[in-house]
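So the structure is just underneath, and the comments pick up after that.
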Amino acid sequence: MRPVVIAHRGASGHLPEHTLPAKALAYAMGADYLEQDIVATRDDRLVVLHDIHLDRVTDVATCFPNRARSDGRFYVRDFDLAEIAALKVHERTDEHGKPVYPGRFPSAGEAFRVHTLERELELVAELTSKGAWPVGIYPEIKDPAWHREEGVDITLLVLETLGKYGYKDHNAPAYLQCFDEREVRRIRHQLGCELKLVQLIGEDDWTPEPTNFAEMRTARGLTKLARSVDGIGPWLNRLYTVRKKDGSRKSTGLVERAHEVGLAVHPYTFRADALPPGFDDFDELLAFSIGELALDGLFTDFPDRVLRYLRRIS
Ligand code: G3P
Ligand code: CA
């Protein structure tokens, strides 16, 4: 079976991430799933944004210059939805205001805004109800522990919203993902969520909070995960090593270990304009990942490129 293509933040290689135009474009390209990263506003509305901050992808610093916290960052949680909806969205920038991916869409036009999770689920329902092709959703609950400290149980809000749009059981066209292992277990065992679940696996030095990602990648860790989730979303770079001598690539065995305990593997992030170590061609990366690693799915900013590759080899 061919791997499922997950439009990472929409067709974000072509249009500003997580905007409705980027989602509609990904749908038109034929992506199997549209990804939603989810953060809560001050008035407890869910918006589709990658960060708990607004400053890397919007003009918040210009519109609300006095609303940064002491660390200089502008937090979604400090703004009401109406304020956030008035911001313009642009391509992701770094801490110096420089584009992270310089070759991508240049302007911050009126067309690009932050929207709610509800609005995106309505768009999906509208697109798929007109007799066009189906598409699944792939929501990620962002920083549930941080949200709890901020006074909101974001997980409950997300599950309620997904349920309202019919995403309730295991057969729903949805995967729910989160980096927080405790929260994933809570979602499955305490909250009784029946949706397909994916444990995201990052690096233990990515956040100051204690994590146990190294353990998750072991056979023992994966066996434990398999009691709660349907799949894992590992960092692509952890799936292979590159031999210094001749540049050849070899699986680390993570995909195989996950498959042994029945877990699907959907790594992130396949970017044609930011290739991982050992590759200087996107199709070569796809050939290795799909042909040799035998992935079950992949997160990509370029669903068009991945789908074109899959059509070519089918
Ligand atoms: O959710 C898969 C992938 O998006 C994880 O990384 O940081 O882009 O959300 P991030
Ligand atoms: Ca994500």
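One-based numbering, in listed order, for ligands and for the atoms of each.
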Measure the distances from the heavy atoms of H266 to every atom of ligand 1 and state whether one is below 4.0 angstrom. no
Between the main-chain N or O of E83 and the side-chain N or O of D80, is there a donor-acceptor pair closer than 3.5 Å? no
For D37, the ligand 1 atoms with a heavy-atom partner under 4.0 Å come out as 9 (O)
Any atom of ligand 1 sitting under 4.0 Å from a heavy atom of F179? yes
Between Y33 and Y27, is the ring centre distance below 6.0 Å? no
Between D32 (side chain only) and V135 (backbone N and O only), is there a donor and an acceptor less than 3.5 Å apart? no
For ligand 1 and T269, I'd like to know whether there is a polar contact (N/O to N/O, distance under 3.5 Å). no
Ligand-residue contact atoms, ligand 1 with L200, heavy atoms, under 4.0 Å: 1 (O), 2 (C)
Any side-chain to backbone donor/acceptor pair from R113 onto T19? Under 3.5 Å, distance only. no
Near H50 (heavy-atom distance under 4.0 Å), the atoms of ligand 1 are 7 (O), 8 (O), 9 (O), 10 (P)
Under 4.0 Å to a heavy atom of Q177 - the qualifying atoms of ligand 1, by number: 1 (O), 2 (C)
Relative to the Ca ion (ligand 2), which of the N, O or S atoms in D37 is the closest? OD1
Ring centroid separation F288 to F279 under 6.0 Å: yes
H266/Y175 aromatic ring centres below 6.0 Å: yes
Apex the Ca ion (ligand 2) - arms OE1 from E140 and OE2 from E35 - angle rounded to 10°: 120°
Atom 4 (O) of ligand 1: the protein heavy-atom neighbour that sits closest, reported with distance to 0.1 Å: H8 NE2, 2.8 Å
Number the atoms of ligand 1 from 1 as they appear, then name those within less than 4.0 Å of a heavy atom of K142, with their elements. 7 (O), 9 (O), 10 (P)
If you take all heavy atoms of R69 and W146, which pair is closest and at what distance? NH1-CZ2, 4.2 Å
Looking at E35 and R9, would you say the former's side chain and the latter's main chain have a donor-acceptor pair under 3.5 Å? yes
With a cut-off of 4.0 Å, which atoms of ligand 1 are near a heavy atom of R9? 8 (O), 10 (P)
